[in-house]
Amino acid sequence: MKTPTRIRLAIQKSGRLNNDSIKWLLQCGLKINYSKKTLICPVENFPIDILFVRDDDIPSLVMNGVCELGIVGENVLLEQTTAINENEIDQKYHVVKKLGFSRCRLSIAIANEKPFANIHSLRNLRIATSYPHLLTKYLNAYDVPAKILTISGSVEIAPRLGMADAICDLVATGKTLKENNLKEVEAIIQSQALLMKTLHPSHANKKRALDRFLSQIA
Ligand code: PRT
Ligand code: ZN
């Protein structure tokens, strides 16, 4: 059987990370010839195959060694790893570098007219979010009980629908919050895209390609 020597690098298939991830790879000197429909694309001048996937799948693909490398938002990586035992996680991946694009923050926001003095003003509120683990960890650190409602999208609309008193979602320019009559009151984490690598490469002989790529971008 032929020994695999090509490494896999996972990036988002479509969405906010896609363009800048490709731009960054091109800046690293990789020659990529891909179309929007491609799911896997061989790099012409390097033993790397680019895999196009949902961003949420990237941390586990890398942690399980299916892909040696991945580009993902810190927000997604932190939410997923917060859900798992920290010691177990530390042995599965390493953050190679933060890439400086897709910057945003995960913040709590409430209706403009609601009074807010400090984090304790959130006590016992219903907070809608797609980031239940990061939000729970943050509120627990301040000993603030709240009812967390996990929803997968359009989080900003939840207070208008009467489903929630507050939200916890990503903010970049603040335009979406403004449009939904919400004000940002607490920033939980700052985020940007990062390059992560597996600590479990599936074949030892892929290490040479991995080391060569990592030394090229150092
Ligand atoms: O389909 P797939 O699962 O791959 O993509 P997705 O829909 O889960 O993610 P996508 O493409 O929306 O975002 C990918 C990543 O981009 C996020 O995980 C963040 O790391 C990063 N990013 C940077 C953002 C934003 N900025 C951002 N502003 N992701 C989402 N937003 C949304 C936010 O949720 C809110 O609805 O934009 C709105 C707020 O933006 P402003 O500018 O109005 O404040
Ligand atoms: Zn996603």
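Note that ligands are numbered from 1 as they come in the structure, with each ligand's atoms numbered from 1 the same way. All residue numbers refer to positions in the sequence shown, counting from 1.
Looking at D56 and the Zn ion (ligand 2) together, the shortest N, O or S contact belongs to OD1. Here the N, O or S atom of D55 that is nearest to the Zn ion (ligand 2) is OD1.
Remark: minimum distance from atom 34 (O) of ligand 1 to any protein heavy atom is reached at D169 OD2, 3.3 Å. The protein non-hydrogen atom at the shortest distance from atom 14 (C) of ligand 1 is D55 OD2, 3.5 Å. The closest protein non-hydrogen atom to atom 42 (O) of ligand 1 is T173 OG1, 2.6 Å. Ranking protein heavy atoms by distance to atom 17 (C) of ligand 1, first place goes to N75 ND2, 3.6 Å. For atom 37 (O) of ligand 1, the closest non-hydrogen atom on the protein side is R16 NH2, 3.0 Å. The protein heavy-atom contact nearest to atom 33 (C) of ligand 1 is L170 O, 3.3 Å. Among all non-hydrogen protein atoms, the one lying nearest atom 1 (O) of ligand 1 is R54 NE, 3.1 Å. What sits closest to atom 36 (O) of ligand 1 on the protein, heavy atoms only, is E156 OE2, 2.9 Å.
L149 and I157 fall into different hydrophobic clusters, where Ile, Leu, Val, Met, Phe, Trp and Tyr side chains are chained together by heavy-atom contacts under 4.5 Å. Each of V185 and L177 belongs to its own hydrophobic cluster when Ile, Leu, Val, Met, Phe, Trp and Tyr are linked at side-chain heavy-atom distances under 4.5 angstrom. Residues V96 and I50 fall within the same hydrophobic cluster, defined by Ile, Leu, Val, Met, Phe, Trp and Tyr side chains chained together at heavy-atom separations under 4.5 Å.
The only option from I58, L51, V62, L210 that meets the side chain to side chain contact (heavy atoms under 4.5 Å, CB included) definition with L69 turns out to be L210. A salt bridge (Lys or Arg N to Asp or Glu O under 4.0 Å) with D49 is found for exactly one of K206, R6, R8, namely R6.
Residues N118 and Y142 fail the side-chain proximity criterion, which asks for heavy atoms closer than 4.5 Å. A heavy-atom distance below 4.5 Å is not found between the side chains of I110 and L182.
At a 4.0 Å heavy-atom cut-off, ligand 1 touches Q12 through the side chain alone. For C104, every heavy-atom contact with ligand 1 shorter than 4.0 Å involves the side chain, none the backbone. Contacts between N18 and ligand 1 below 4.0 angstrom, taking non-hydrogen atoms only, are absent altogether. Looking at T176 against ligand 1, both its backbone and its side chain come within 4.0 Å, counting heavy atoms.
For atom 22 (N) of ligand 1, the nearest protein heavy atom lies closer than 4.0 Å.
Taking a cut-off of under 4.0 Å to the non-hydrogen atoms of K175, the atoms of ligand 1 that pass are 43 (O), 44 (O). The contact set between ligand 1 and G73, taken as ligand atoms under 4.0 Å from a residue heavy atom, comprises 20 (O). If you number the atoms of ligand 1 from 1 as listed, the ones under 4.0 Å from a heavy atom of V171 come out as 44 (O). Applying the 4.0 Å criterion to heavy atoms of V76 picks out, from ligand 1, the atoms 18 (O). Atoms of ligand 1 found under 4.0 Å from any heavy atom of G15, numbered from 1 in the order shown, are 11 (O).
The pair D211-R208 does not count as a salt bridge, with every side-chain nitrogen at least 4.0 angstrom from each carboxylate oxygen. A salt bridge links E74 to K98: at least one charged side-chain nitrogen sits closer than 4.0 Å to a carboxylate oxygen. Taking a cutoff of 4.0 Å between a charged side-chain nitrogen and a carboxylate oxygen, R105 and E184 qualify as a salt bridge.
Contact record, C168 with T129: O-OG1, 2.7 Å, taken as the closest heavy-atom pair. Across all their heavy atoms, C28 and F213 have their closest contact at CB-CE1, 4.5 Å. In plain terms, the two heavy atoms of I217 and K97 that are nearest each other are O-NZ, 3.1 Å.
Between D56 and ligand 1, an N or O atom pair is found at a separation short of 3.5 Å. Remark: ligand 1 and G174 share an N or O pair separated by less than 3.5 Å (distance only, no angle test).
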